[in-house]
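Here the structure comes first, spelled out in structure tokens, and everything after it is commentary.
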2 protein chains.
Amino acid sequence: MPKQPRPASEPSLPLQLVVDRTSPVPLYYQLSQQLESAIERGVLTPGSLLGNEIELAGRLGLSRPTVRQAIQSLVDKGLLVRRRGVGTQVVHSQVRRPLELSSLYDDLEAAGQRPATVVLRNTTAAADVAVAAALGVAEGSEVLLVERLRYAHGEPMALLTNHLPTGLFDCDSEALEATGLYRLMRAAGVTLHSARQSVGARAAAPEEAGRLGEEPGAPLLTMERTTFDDTGRAVEYGSHLYRASRYSFEFQLLVRS
Amino acid sequence: MPKQPRPASEPSLPLQLVVDRTSPVPLYYQLSQQLESAIERGVLTPGSLLGNEIELAGRLGLSRPTVRQAIQSLVDKGLLVRRRGVGTQVVHSQVRRPLELSSLYDDLEAAGQRPATVVLRNTTAAADVAVAAALGVAEGSEVLLVERLRYAHGEPMALLTNHLPTGLFDCDSEALEATGLYRLMRAAGVTLHSARQSVGARAAAPEEAGRLGEEPGAPLLTMERTTFDDTGRAVEYGSHLYRASRYSFEFQLLVRS
DNA sequence: TAGTGGTCTAGACCACGTA
DNA sequence: ACGTGGTCTAGACCACTAG
């Protein structure tokens with residue numbers, strides 16, 4: 001009997017998968033990385049089945065729980081979908097950028113826009129009510145205040161105002177102009193854990209408009225964010241203004257199941 | 001020796017935990033629900049340790065992997081933090097609202113604002129370039145078009161424009177005025193999987209301003225969203241306008257680790 | 001050194017979807 | 001009826017952290 005043209009949902013798995021047991025990298029992680037890269041490179045096409053877990057485990061010389069752990073991590077990332085009685089398949093969706101704690105610096109760099117930063121202020125100040133509440137410090141206590149103007153393609157893009165608790169890390173203006181705030185914090189050993197964000201819009205005040213190269217009254221995107229480390233300390237409170245004509249927030253999100 | 005005041009990070013676990021093996025609810029889920037509710041109610045205070053997994057498993061008559069599965073799900077939600085050599089503790093952070101595929105209707109309802117909706121249009125139309133690209137259909141093909149004005153406290157809040165593939169579900173205007181679009185889709189058996197969003201701002205055009213009760217040129221928040229089901233089909237493309245003076249997007253997000 | 005989470009195994013039975 | 005993923009067990013060894 002002649003072979004039928006293979007439907008997109010049939011197992012397509014000559015796929016080279018190998019694990020190195022001498023490596024310190026966890027086996028499930030090696031596997032999930034290989035699967036992810038195969039999906040990324042298009043070797044595993046959308047809709048294709050992965051083959052059942054038992055057989056996959058046998059073929060790799062792994063136990064089923066280990067294989068499941070690898071697959072589960074990709075399901076959590078939204079790359080795979082499991083269906084009982086059917087199998088595990090590569091998701092069809094076209095976009096697969098995960099939602100991260102986005103850094104404007106990284107965003108711009110990824111877009112090939114070579115960001116530039118001018119530090120307008122880098123000093124200490126007394127915390128006002130809002131800042132004190134966000135950072136969980138006493139009103140009037142001393143906090144770091146950083147104000148930056150960020151450019152892309154030589155055009156101003158955003159006015160970034162940050163408040164940070166003192167003593168957290170060394171906030172050097174030169175370093176701030178060379179990279180982003182989050183990178184500095186991570187480099188200083190701060191482990192970012194979660195953030196609370198609020199995105200809105202308002203009209204530009206005259207001074208803000210002047211700095212950003214917009215007309216007074218022009219629409220600006222606003223973002224306020226408080227970031228916490230894994231001990232629950234607030235490590236940063238940002239209050240940012242973006243030119244709506246030049247910037248928008250893009251992200252993908254997964255539906256909690 | 002007199003007892004020292006207990007530091008916040010010490011195990012505090014008289015905590016009543018029980019599992020019902022006759023229940024169809026998975027054991028790990030019963031456990032994670034109980035832990036989550038204990039955290040929510042403040043019985044497990046921020047910073048308190050959970051006690052090691054082995055002992056917890058023994059006390060509940062469960063195996064360690066099952067207990068780990070329960071704990072892991074809460075770690076993924078950002079409620080718990082694990083540290084090797086230390087233990088598992090309740091995260092200190094004050095806010096713990098997860099990021100979801102937010103529905104304006106649900107948001108307003110949760111805020112106690114009793115949303116009202118007026119359907120302005122509910123018809124079919126030919127897909128233009130943008131809509132066709134977003135939904136993955138041919139340009140000019142027929143799609144559903146829904147335009148709604150949403151009110152809170154009797155004030156207009158947002159102008160919602162949605163395009164949907166035909167034949168997906170019954171798009172009844174009365175139902176649309178009684179609840180949100182996502183609820184209708186879920187009720188029709190559509191399993192939402194992921195969405196691609198873009199949030200920006202712009203000035204209100206005269207007609208938009210009129211409908212929303214703003215002045216022309218007033219800043220509006222814009223949101224475009226394409227939602228996919230678990231087969232990768234685009235099931236909805238929305239292009240929405242919010243009064244910036246009355247609405248902003250709020251969400252929490254976790255740092256991928 | 002002792003205690004914790006991180007990883008891994010080799011099985012088992014069940015529930016659900018498809019046919 | 002069959003094959004799939006969903007759940008669960010009872011162990012094991014290792015890596016990291018604290019004291």
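Just so you know, these numbers use all the heavy atoms, side chains as well, and skip hydrogens, waters and symmetry mates. Chain identifiers are assigned alphabetically (A, B, ...) following the order of the sequence lines, protein sequences preceding nucleic acid strands; residue numbering begins at 1 within each chain.
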Quick one: [X] [atom1] to [N] [atom2], roughly how many Å, whole number?
X: B:L50; N: C:dG3; atom1: CG; atom2: C1'; answer: 16 Å
X: B:D76; N: C:dG5; atom1: CG; atom2: P; answer: 16 Å
X: B:L56; N: D:dT9; atom1: CG; atom2: P; answer: 13 Å
X: B:R68; N: D:dG11; atom1: CZ; atom2: P; answer: 18 Å
X: B:L27; N: C:dC14; atom1: CG; atom2: P; answer: 14 Å
X: B:N52; N: D:dT17; atom1: CG; atom2: P; answer: 18 Å
X: B:Q69; N: C:dT7; atom1: CD; atom2: P; answer: 15 Å
X: A:E53; N: C:dA12; atom1: CD; atom2: P; answer: 17 Å

Q.
Any base atoms under 4.0 Å from A:P65, or only sugar-phosphate, or nothing? Heavy atoms, all strands.
A.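 Result for A:P65 = base.
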Q. If you look at every strand shown and take non-hydrogen atoms under 4.0 Å, does A:I54 touch a base, only sugar-phosphate, or nothing?
A.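 Answer is nothing: A:I54 stays at 4.0 Å or more from every strand.
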List the atom of [X], the atom of [Y], and the distance in Å for their closest heavy-atom pair.
X: A:L184; Y: A:A175; answer: CD2-CB, 3.8 Å
X: A:L49; Y: A:V86; answer: CD2-O, 4.3 Å
X: B:A138; Y: B:A127; answer: O-CB, 4.2 Å
X: A:V81; Y: B:D230; answer: CG2-O, 3.8 Å

Q. Within the structure, does a side-chain N or O atom of B:T88 lie under 4.0 Å from either OP1 or OP2 of C:dG5?
A.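 True: B:T88 side-chain N/O within range (under 4.0 Å) of C:dG5 OP1/OP2.
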Q.
C:dT7, OP1 or OP2 - any side-chain N/O from A:Y28 closer than 4.0 Å?
A.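 So the side-chain polar atoms of A:Y28 do come within 4.0 Å of the phosphate oxygens OP1 or OP2 of C:dT7, strictly under.
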(Q) Go nucleotide by nucleotide along DNA chain D from the 5' end; which of B:R83 and B:T66 gets its closest nucleotide reached first? (A)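 Nearer the 5' end of the strand: B:T66.
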Q. Relative to the 5' end of DNA chain D, which residue comes earlier, A:R82 or B:G85, by the nucleotide with the nearest heavy atom?
A.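 Between the two, 5'-proximity favours A:R82.
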Q) Is there a donor in the side chain of A:Y237 and an acceptor in the side chain of A:E224, or the other way round, less than 3.5 Å apart? A)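 There is such a pair (donor and acceptor under 3.5 Å, judged by atom type) between the side chains of A:Y237 and A:E224.
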**Q.** Whichever of A:V86 and A:R21 has its nearest DNA chain C nucleotide further upstream toward 5'
**A.**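 By nearest-heavy-atom nucleotide position, the 5'-most residue is A:R21.
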Q: Answer yes or no: is there an ion pair linking B:E177 with B:R148, defined by an N-O contact shorter than 4.0 Å?
A: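 Between B:R148 and B:E177 there is no salt bridge, as every charged N stays at least 4.0 Å from the carboxylate O atoms.
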Q. Between the axis at one end of the helix from C:dT1-D:dA18 to C:dT18-D:dA1 and the axis at the other (five pairs apiece), what's the angle to 10 degrees?
A.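 Answer rounded to 10°: the end axes differ by 20°.
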**Q.** Side-chain donor/acceptor of A:E142 to backbone N/O of A:T124, under 3.5 Å
**A.**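 Absent.
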(Q) Once hydrogens and angles are ignored, does a donor-acceptor distance under 3.5 Å link the base of C:dG6 to the side chain of B:R64? (A)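 Answer is yes: a donor-acceptor pair is held.
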